[in-house]
Amino acid sequence: MIPYIRRAAGFCLLLLVALLANAARVQLFEADELNSNSANRRTTIDRYDQPRGNIVVGDESVTGSKDTGEQLAYERTYRHGPLYAPVTGYASQTYGTTLLENAEDGILSGTDPILAPLPLWGDITRSRQPGGNVVTTIDDSVQRAAYEGLDGRRGAVAALDPATGRVLALVSSPSYDPEVLSGTGSAVTDAWARLNRSASQPMLNRAIRQTYPPGSAFKIVTAAAALDAGVVNDPDADTDTPSPYVLPGTSTTLPNEARGCEKASLAEAIRVSCNTVMAHLGVQVGLDGMLEAVGRFGFNDNDLKIPSRVARSNFDSDMSDDQLAQSSIGQFDTTATPLQMAMVASAVANGGDLKRPQLVDRVTTDDGDTVRSPGPDSYDRAMNPATAQQLQRMMVEVVESGTGTNAAIDGVTVGGKTGTAQHGVDNSGTPYAWFISWAQAPDTGRPAVAVAVVVEDASANRADISGGGNAAPIARAVMEAALAD
């Protein structure tokens with residue numbers, strides 16, 4: 001009898017060991033898979049059982065959390081929702097997260113290991129910390145100036161500190177209130193359907209997720225390429241550009257809206273915005289040279305993040321010379337986000353050193369202790385310092401006596417470039433109005449701000465005047481706000 005008892009006891013012990021081993025396997029090796037399983041409602045309940053950390057602008061939290069008393073307890077709230085929606089995105093119990101709410105979700109939800117008091121604390125205890133806070137680089141007065149300047153018109157504004165890459169403003173218009181998507185139920189699904197049906201696309205982040213043909217604003221990039229490549233040595237000397245200019249290999253004539261463009265110098269071509277000169281210079285630089293130049297500014301970068309993902313700004317890598325000519329004046333398949341064009345202005349203003357754009361100043365625990373602070377980071381040397389100095393002078397002339405006089409600020413050095421981007425079938429769409437610029441206060445060693453503005457539904461009588469008339473006043477208000485801080 002005893003041998004049978006021993007065998008039964010041994011078998012039971014073996015089953016117990018197998019049970020413990022299986023439990024350990026599940027907890028150690030399958031925990032992440034089970035946690036992420038859509039059928040596991042406990043994960044969802046746990047996610048909303050404590051307040052979410054906040055996104056901060058200046059000294060003010062522009063987000064919050066409210067206890068609904070429901071099973072999914074804490075719902076996201078937003079202060080000044082439409083104003084900051086292009087920065088925060090939404091955190092929805094129904095539709096997930098976007099923008100900063102998504103990029104910094106680990107911090108805001110308290111699951112990021114950086115918030116734990118000890119290494120591997122969360123893995124061992126299976127607990128999470130109170131949600132941390134994300135302090136942005138946004139300047140409230142600059143953000144408001146951009147938002148009020150667009151005044152509901154379709155378009156976007158991006159503003160940077162050229163010396164650090166800090167994003168001072170990120171506005172997309174028209175906007176929406178993310179709070180209407182925070183919870184669950186029919187009110188949320190109805191709001192989602194309404195926002196997605198809207199022809200004005202209020203949830204589209206035009207500042208970083210929409211690309212536009214940059215038009216004549218792109219001529220600053222082509223000018224930098226021509227100067228760096230030695231195609232132009234003296235920006236004030238006449239070029240050999242004929243007018244009219246026939247696109248290479250075709251019988252198509254490229255028109256000028258401006259007068260006096262035949263053999264115009266680079267400086268004059270920038271001041272009055274000559275298509276022919278800039279298209280011809282792009283062809284002389286060549287496709288390889290232009291690709292190298294645009295890459296240094298950030299074009300064709302699939303991985304740019306701020307930390308929210310930024311759409312790729314495009315300059316084709318395989319083109320004929322006639323297509324290259326059109327691309328060199330910001331048409332054909334050339335496209336850019338407003339943030340990308342702010343980077344162009346920023347590189348010029350900062351002596352050719354392009355800083356990587358960053359939207360997060362620091363990340364803190366719920367008690368305010370800093371756990372991450374990125375600091376300035378160089379993206380690339382976009383152009384030689386001497387080239388940047390020459391372009392600064394040319395952009396100042398645009399504002400003082402060229403197409404961008406509406407951006408002038410008394411007593412302040414302002415450089416700018418207007419642009420009008422044709423689009424639609426046979427260019428039948430209303431042109432997009434662009435203005436890129438930078439401003440430096442007197443008696444300061446560095447520029448205060450670089451700005452890009454695009455207005456989609458601009459009224460335009462001729463190219464470039466549209467950018468000067470529609471977008472430049474918005475840029476001026478944004479620069480004034482930055483200079484006042």
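Index from 1, following the sequence.
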Student: Tell me whether Ser346 contacts the main-chain N or O of Ala450 through its side chain, where contact means a donor paired with an acceptor under 3.5 Å.
Tutor: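 Between the backbone of Ala450 and the side chain of Ser346 there is no qualifying donor-acceptor contact (under 3.5 Å).
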Student: In a check of side chain to side chain contact (heavy atoms under 4.5 Å, CB included) between Gln143 and each of Val57, Val87, Val478, Leu168, which one passes?
Tutor: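 Exactly one pass, corresponding to Val87.
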Student: Hey, are Ser141 and Asp485 close enough side-chain-wise for a donor-acceptor pair under 3.5 Å?
Tutor: yes
Student: I'd like to know if the side chain of Ser109 and the backbone of Asp105 have a donor-acceptor N/O pair within less than 3.5 Å.
Tutor: yes
Student: Between Phe299 and Phe218 (judged by ring centroids, cut-off 6.0 Å), do the two rings come close enough to count as a pair?
Tutor: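 Yes, close enough.
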Student: Can you spot which of Ile107, Val167, Thr137, Leu100 makes a side chain to side chain contact (heavy atoms under 4.5 Å, CB included) with Val360?
Tutor: Leu100
Student: Taking 4.0 angstrom as the limit, do Arg356 and Asp377 come out as a salt bridge?
Tutor: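 A salt bridge links Arg356 with Asp377.
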Student: Less than 4.5 Å apart, any side-chain heavy atom of Tyr379 and any of Asp301?
Tutor: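 In contact.
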Student: Does Arg446 pair with Asp161 as a salt bridge, N-O distance under 4.0 Å?
Tutor: yes
Student: What distance separates Leu204 CG from Ser173 OG, expressed to the nearest 0.5 Å?
Tutor: 11.5 Å
Student: Nearest 0.5 Å, what's the CZ-CD1 distance between Arg206 and Ile208?
Tutor: 13.5 Å
Student: Could you check whether Ser273 and Lys219, counting side-chain N and O atoms only, form a donor-acceptor pair closer than 3.5 Å?
Tutor: yes
Student: Do Met203 and Thr98 touch side chain to side chain, with heavy atoms closer than 4.5 Å?
Tutor: no
Student: Counting N and O atoms only, with roles assigned by atom type, does the side chain of Asn384 sit under 3.5 Å from a partner on the main chain of Ala386, one being a donor and the other an acceptor?
Tutor: no
Student: Side-chain contact test, heavy atoms from C-beta onward, threshold under 4.5 Å: evaluate it for Val414 versus Met395 and give yes or no.
Tutor: no
Student: According to the interplanar angle, ranging from 0 to 90°, do the rings of Trp192 and Tyr90 count as parallel (below 30°), tilted (30 to 60°) or perpendicular (above 60°)?
Tutor: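 Rings of Trp192 and Tyr90: perpendicular, over 60°.
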Student: Using side-chain heavy atoms (C-beta onward) and a distance below 4.5 Å, is Lys355 in contact with Thr164?
Tutor: no
Student: When you compare the side chains of Asn54 and Thr63, does any donor N or O come within less than 3.5 Å of an acceptor on the partner?
Tutor: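 Result is yes, a qualifying pair exists.
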Student: Where is the tightest heavy-atom contact between Leu266 and Val232, given as atom of each residue plus distance?
Tutor: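 What the structure gives for the nearest pair is CD2-CG1, 4.1 Å.
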Student: At what distance, to the nearest 0.5 angstrom, does CG of Asn314 lie from OG1 of Thr335?
Tutor: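 Nearest 0.5 Å value for the CG-OG1 distance: 4.5 Å.
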Student: Ignoring hydrogens, what is the shortest heavy-atom contact between Val285 and Met290? Give both atom names and the distance.
Tutor: CG1-N, 3.7 Å
Student: Quick one: do Asp303 and Lys305 make a salt bridge, cutoff under 4.0 Å?
Tutor: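 No, Asp303 and Lys305 are not salt-bridged.
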Student: Salt-bridged, Asp190 to Arg194, with N to O below 4.0 Å?
Tutor: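 Looking at Asp190 and Arg194, the cut-off is not met.
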